[in-house]
Amino acid sequence: MTENTTPAAAAAEQPQALPSQYTPAEVEGKLYERWVAAGWFEADAKSDKPPYTIVIPPPNVTGQLHLGHAFQHTLMDALTRRKRMQGFEALWLPGMDHAGIATQNVVERELAKEGKSRHDLGREAFVDRVWQWKEEYGGRILGQMRRLGDGVDWSRERFTMDEGLSRAVQTIFKRLYDDELIYRAERIINWCPRCLTAISDIEVEHQDDEGELVSIRYGEGDASIVVATTRAETMLGDTAVAVHPSDERYAHLVGTEIELPLTGRRIPIVADEHVDPEFGTGAVKVTPAHDPNDFEIGRRHDLPMPTIMNERAIVTAHGPFEGLDRYEARFAIVAALREQGRIVAEKRPYTHAVGHCSRCKTTVEPRLSMQWWVRVEPLAKAAGDAVRDGRVAIHPQELAGRYFAWVDNMHDWCISRQLWWGHRIPVWYGPNGETVCVGPNDEAPTGEGWTQDTDVLDTWFSSGLWPFSTLGWPEQTADLAKFYPTDVLLTGHDIIFFWVARMMMFGLYAMDGRAPFHTITLTGLVRDQFGKKMSKSFGNVVDPIDWMDAYGTDALRFTLARGANPGTDVPIGEDWVQGSRNFCNKIWNATRFALMNGATVEGPMPAAEHLSATDRWILSRLDAVVAEVDAYYEDYQFAKLSDTLFHFAWDEVFDWYVELAKLPLNGDDEAAAQATRRVLGHVLDVTLRLLHPIVPFVTEELWTTLTGGESLVVAAWPAPSGFADPAAEAEITTLRQVITEVRRFRSDQGLKPGQRVPANISLAGTAIAAHEAALRQLARCTPAGEGFSATTSFPVAGALIELDLSGAIDFAAERKRLSKDLAEAEKVRDVNTRKLGNAGFLAKAAPDVVEKVREKLAGAEADIARIRGQLDRLPSA
RNA sequence: GGGCGCAUAGCUCAGUUGGUUAGAGCACUGCUCUUACAAAGCAGGGGUCGACAGUUCGAGUCUGUCUGUGCCCA
């Protein structure tokens with residue numbers, strides 16, 4: 001600690017030098033480096049302490065820190081920092097995922113600037129190039145996490161493409177393949193014609209687009225039938241028209257063939273249960289290779305399934321339309337049909353839901369293709385059951401319904417991607433049609449004609465293994481034994497399906513039915529100060545670094561934590577961050593005051609009988625706050641615990657305890673001063689500990705100076721001491737009421753805040769008899785001297801306060817104030833009188849409720865009498 | 001189209017099993033640089049809790065309908 005030359009430390013030796021404002025930039029970087037260098041964030045697998053583990057939701061290697069990360073990281077950091085202080089072997093494990101499509105896109109864009117494509121380089125060189133990019137530019141977010149103060153174990157940082165994690169991917173692929181939970185099949189998949197790969201169902205975003213609904217007459221005369229479509233261009237791939245079996249309008253046509261316009265091909269009319277007779281004409285065109293529903297109809301009726309577009313959604317057949325993209329083809333085909341008089345109706349615009357690639361927003365093209373799939377049914381059932389039977393809890397509970405809706409109705413998961421960046425599918429094909437899945441310890445087949453599958457796996461496939469692949473699985477490592485299962489998974493509710501459900505499936509499958517975590521805490525999304533979603537197009541995106549620069553990291557963290565009501569979105573505005581900065585500065589100044597006045601944590605706390613009521617009050621409150629904060633942490637109520645600490649620190653400790661402490665600190669009674677210094681030191685010590693997980697920097701800077709302790713990172717979390725003094729709490733509450741009442745009178749009378757007023761104060765026999773000096777100090781009352789003449793007097797809480805305003809009293813203001821009080825008291829009286837006059841209430845309400853109402857009525861009546869007395873004594877205007 | 005949620009002060013949000021005069025932050029008004037802090041202090045104003053009906057001795061809280069709004073799924 002001797003080399004510690006922080007501003008606060010220097011100031012402790014020379015209190016005058018202490019800056020009156022907290023400057024985050026001067027302490028944050030230095031403190032973080034110190035924490036990391038000391039190794040306090042590194043977990044020890046050999047430790048005897050109970051483990052507490054959180055794995056970070058791996059950010060994208062191409063990504064940068066946004067407010068959503070800042071938000072979730074603040075909460076995860078708070079959880080792990082507290083557990084570390086509580087004596088757990090706390091591990092918060094960091095890392096990134098390789099983001100197959102996004103990363104490949106980034107590098108391809110780079111290549112495009114050089115006029116090259118990945119095909120010019122070839123697969124191996126391209127992948128090398130991606131690695132090179134990753135080393136140079138990837139992972140900017142890791143530096144930003146340091147800035148945020150994330151107490152992660154950097155020695156355990158992982159990346160989904162690392163050798164160990166890749167081995168985990170291959171291991172589980174092989175295992176699932178052998179268990180027949182992975183298979184290869186030709187199906188309709190969601191194809192992105194821009195990314196040139198398949199994507200899974202949940203990577204498709206549906207949104208309403210304005211399109212057109214065109215009704216086309218197929219066939220001629222009696223044998224004609226009208227179909228409606230939003231995708232006229234796909235007619236080139238039609239191989240049937242389908243109607244409902246019970247639809248009498250078309251019964252005579254079923255089994256016949258009609259000519260498909262423009263092509264000269266003849267296609268059958270089939271009857272299929274899945275056709276909705278109510279929609280349009282009740283007849284639908286069937287394009288099995290370009291629509292999932294049509295594919296199913298095609299399978300049932302054994303129809304041909306011609307693909308009519310290439311991977312870029314350009315038409316590949318049929319003479320005049322060949323080479324047109326899907327939209328050009330649509331226009332050309334409708335024109336050609338119109339010329340033939342086959343368009344019987346057109347509706348424009350026709351709004352309907354269209355699928356878009358979640359990565360690039362391109363309209364998805366359903367496409368028949370050979371892909372790899374996970375048969376999810378048994379995995380999903382296990383994932384659902386683990387939550388259903390209580391082994392895994394979801395916070396907030398309301399979101400469990402969405403989880404069940406997904407896992408209980410999950411479609412098979414398309415896991416192959418036509419990319420080069422990712423985990424290549426470990427399957428080899430032989431010259432004679434052999435298929436071999438190669439495990440991590442197997443030799444890949446070599447020799448003439450053997451080739452490996454060219455596809456890679458969905459990034460989420462490897463992310464799904466994250467809670468155990470990062471701990472060394474499939475090896476039976478010490479880390480895995482110590483830290484799996486992890487404790488809490490904290491992430492946004494928007495990736496329940498992408499990630500949470502898949503970790504559950506893989507964890508239960510690979511780890512002998514042991515779920516990857518016991519608690520899932522789902523957060524909302526960060527929004528702007530008006531509750532609007534942050535989006536680039538709307539221009540309301542905020543870079544968290546900017547706010548950290550302007551107001552300090554702690555201010556940003558506190559604002560985010562304070563907004564974290566369970567399951568709800570978190571609005572955040574610059575004004576609020578500024579408010580949090582003000583709070584940090586307030587903590588700074590309160591501690592500065594304490595240091596200047598010799599607050600200490602040395603020596604035992606004085607026994608209760610040697611403490612003032614003020615001391616006993618704040619210690620009693622402190623104990624209650626420790627318990628409250630603990631309860632909120634256990635329930636993941638970050639907003640509540642932050643708010644509790646905010647109000648305790650500011651409204652009670654800083655505004656009242658510190659002010660009341662000034663009397664003994666500046667008084668002649670050295671024993672009383674010393675006791676106060678000790679209590680003040682203790683209260684700040686504990687308060688800083690409680691605040692540290694949320695605002696680690698300012699608390700660390702102040703606490704090390706105040707206590708001389710090594711670091712809050714490894715300091716003990718406060719435990720309730722069992723101290724409670726309800727009498728002292730009541731006493732100080734009354735004192736505060738009386739002081740506030742006098743101040744209110746002063747304010748209404750237009751007195752200057754600093755102006756001293758002679759007062760005669762009679763406290764004998766009241767609960768606050770011992771606090772006259774405090775009352776005089778905080779209400780700025782001087783003793784009644786020679787010639788004291790009370791211009792006004794008022795009773796409050798049994799005390800009588802007489803003030804000499806030298807005749808300057810504003811009777812109108814006083815009448816207004818008293819009238820307002822009277823009206824309020826009368827309202828209370830009336831409400832409660834009505835209740836007590838209600839026979840039903842007396843008969844049915846709980847006795848304690850009735851008793852409370854009686855007390856309230858009595859209190860109101862006493863107030864009314866008192867206020868009326870005061871009003872009566874005022875001279876009439 | 002199906003499901004879920006929300007509607008409380010100017011703004012953003014808390015309000016536990018129905019029972020104090022409905023709270024907070026920010027914003028607002030007045031007075032103050034009172035020797036920790038003007039990034040502050042002290043005092044204050046502001047809401048018929050979306051609408052209508054119902055249950056109840058009693059409804060911001062429970063039920064139904066309506067209106068508005070958001071999200072998820074298709």
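Convention: sequence-line order gives letters A, B, ...; per-chain numbering from 1.
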Between the protein and nucleotides 36-39 of chain B, which nitrogen or oxygen pairs are less than 3.5 angstrom apart?
{"from": "B:A36", "atom 1": "O3'", "to": "A:Arg592", "atom 2": "NH1", "distance (Å)": "3.4"}
{"from": "B:A36", "atom 1": "O2'", "to": "A:Asn589", "atom 2": "OD1", "distance (Å)": "2.8"}
{"from": "B:A36", "atom 1": "O2'", "to": "A:Arg592", "atom 2": "NH1", "distance (Å)": "2.3"}
{"from": "B:A36", "atom 1": "N7", "to": "A:Lys662", "atom 2": "NZ", "distance (Å)": "3.4"}
{"from": "B:A36", "atom 1": "N6", "to": "A:Phe654", "atom 2": "O", "distance (Å)": "3.3"}
{"from": "B:A36", "atom 1": "N6", "to": "A:Glu659", "atom 2": "OE2", "distance (Å)": "3.0"}
{"from": "B:A36", "atom 1": "N3", "to": "A:Asn589", "atom 2": "O", "distance (Å)": "3.0"}
{"from": "B:A36", "atom 1": "N3", "to": "A:Ala590", "atom 2": "N", "distance (Å)": "3.3"}
{"from": "B:C37", "atom 1": "O4'", "to": "A:Asn589", "atom 2": "OD1", "distance (Å)": "3.0"}
{"from": "B:C37", "atom 1": "O4'", "to": "A:Asn589", "atom 2": "ND2", "distance (Å)": "3.4"}
{"from": "B:C37", "atom 1": "O2'", "to": "A:Asn589", "atom 2": "ND2", "distance (Å)": "3.4"}
{"from": "B:C37", "atom 1": "O2", "to": "A:Lys586", "atom 2": "NZ", "distance (Å)": "2.7"}
{"from": "B:C37", "atom 1": "N3", "to": "A:Lys586", "atom 2": "NZ", "distance (Å)": "2.7"}
{"from": "B:A39", "atom 1": "O4'", "to": "A:Asn582", "atom 2": "OD1", "distance (Å)": "3.2"}
{"from": "B:A39", "atom 1": "O2'", "to": "A:Asn585", "atom 2": "ND2", "distance (Å)": "3.3"}
{"from": "B:A39", "atom 1": "N7", "to": "A:Gln21", "atom 2": "OE1", "distance (Å)": "3.1"}
{"from": "B:A39", "atom 1": "N7", "to": "A:Gln21", "atom 2": "NE2", "distance (Å)": "2.6"}
{"from": "B:A39", "atom 1": "N6", "to": "A:Gln21", "atom 2": "OE1", "distance (Å)": "2.5"}
{"from": "B:A39", "atom 1": "N3", "to": "A:Arg581", "atom 2": "NE", "distance (Å)": "2.7"}

Which atoms of nucleotides 30-32 of chain B (N or O only) lie under 3.5 Å from a protein N or O atom, and what are those distances?
{"from": "B:U32", "atom 1": "OP1", "to": "A:Lys752", "atom 2": "NZ", "distance (Å)": "3.1"}

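Between B:G18 and B:C31, the two P atoms lie 47 Å apart (nearest whole Å). Rounded to whole Å, the C1' atom of B:U56 lies 16 Å from the corresponding atom of B:G60.
In this structure, A:Gln777 places its CD atom 14 Å from C1' of B:G41, rounding to the nearest Å. One can place CD of A:Glu574 at 15 Å from P of B:C26, the figure rounded to the nearest angstrom. At whole-Å resolution of the value, CG in A:Leu641 and C1' in B:A14 are 14 Å apart. Rounded to whole angstrom, the span from the CZ atom of A:Phe745 across to the C1' atom of B:C42 amounts to 16 Å. Atom pair A:Asp748:CG and B:C42:P shows a separation of 16 Å (rounding to whole Å applied). In this structure, A:Asn565 places its CG atom 14 Å from C1' of B:C6, rounding to the nearest Å. In this structure, the CD1 atom of A:Ile739 is 20 Å from the P atom of B:U34, given to the nearest Å. Distance CG (A:Leu842) to C1' (B:U56): 16 Å, rounded to an integer number of Å.
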Side chains of residues 648-655 of chain A: which donor-acceptor pairs under 3.5 Å do they make with residues two or more places apart or in other chains?
{"from": "A:Asp651", "atom 1": "OD2", "to": "A:His647", "atom 2": "ND1", "distance (Å)": "2.8"}
{"from": "A:Glu652", "atom 1": "OE1", "to": "A:Arg621", "atom 2": "NE", "distance (Å)": "2.9"}
{"from": "A:Glu652", "atom 1": "OE2", "to": "A:Arg621", "atom 2": "NE", "distance (Å)": "3.2"}
{"from": "A:Glu652", "atom 1": "OE2", "to": "A:Arg621", "atom 2": "NH2", "distance (Å)": "2.8"}

Identify every side-chain donor-acceptor pair in residues 577-585 of chain A under 3.5 Å, counting partners at least two apart or on other chains, and give the distances.
{"from": "A:Ser580", "atom 1": "OG", "to": "A:Thr559", "atom 2": "OG1", "distance (Å)": "2.6"}
{"from": "A:Ser580", "atom 1": "OG", "to": "A:Trp576", "atom 2": "O", "distance (Å)": "3.3"}
{"from": "A:Asn585", "atom 1": "OD1", "to": "A:Tyr22", "atom 2": "N", "distance (Å)": "2.9"}

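Listed nucleotides B:C42, B:C26, B:A24 differ in distance to A:Asp643; the shortest reach to its side chain belongs to B:A24. Out of B:A40, B:G25, B:G45, the shortest distance to the side chain of A:Trp650 is found at B:A40.
Annotation: salt bridge (Lys or Arg N to Asp or Glu O under 4.0 Å) contacts involving residues 546-559 of chain A, sequence neighbours excluded, comprise A:Asp77-A:Arg557, A:Arg147-A:Asp549.
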Inset, instruction - Go ahead and write out RNA chain B as dot-bracket, 5' to 3': ( ) for pairs within the strand, [ ] for ones crossing earlier pairs, | when the partner sits on another strand, dots for unpaired; Watson-Crick or G-U wobble, both distances under 3.5 Å. - result: (((((((..((((.....[...)))).(((((.......))))).....(((((..]....)))))))))))).
Inset, instruction - Report the C-alpha distance between A:Arg834 and A:Asn838 in whole Å, list the side-chain angles of each, state the deciding distance to 0.1 Å, and finish with yes or no for side-chain contact (heavy atoms from CB on, under 4.5 Å). - result: CA-CA 6 Å; A:Arg834 208 177 311 128; A:Asn838 184 329; over 6 Å; no
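Side chain of A:Trp588 to backbone of A:Pro19: a donor-acceptor contact under 3.5 angstrom is found. Not one N or O on the side chain of A:Thr23 forms a donor-acceptor pair closer than 3.5 Å with the backbone of A:Ala25.
For A:Ser819, the side-chain contact (heavy atoms from CB on, under 4.5 Å) partners are A:Arg815, A:Leu871, not counting sequence neighbours. By the side-chain contact (heavy atoms from CB on, under 4.5 Å) test, A:Asp748 pairs with A:Arg744, A:Arg817, sequence neighbours left out. Looking at residues two or more places apart in sequence or on another chain, you find a side-chain contact (heavy atoms from CB on, under 4.5 Å) between A:Thr491 and A:Pro57, A:Gln72, A:Leu489, A:Ile495, A:Trp499, A:Val500, A:Leu522. Judged as a ring-ring contact (aromatic ring centres under 6.0 Å, His included), and not counting sequence neighbours, A:Phe295 has no contacts.
Looking at heavy-atom distances under 4.0 Å, A:Arg562 makes contact with sugar-phosphate atoms alone, never a base.
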Inset, instruction - Classify every nucleotide of nucleotides 18-23 of chain B by which part a protein heavy atom approaches to under 4.0 Å, writing B for the base, S for the sugar-phosphate alone and - for neither, in 5'-to-3' order. - result: -BSB--
Legend entry - Per-nucleotide protein contact string for nucleotides 68-74 of chain B (B base, S sugar-phosphate only, - none; heavy atom under 4.0 Å): ---S--B
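Mapping A:Arg780 and A:Asp575 onto RNA chain B via the closest heavy atom, the residue that lands nearer the 5' end is A:Asp575.
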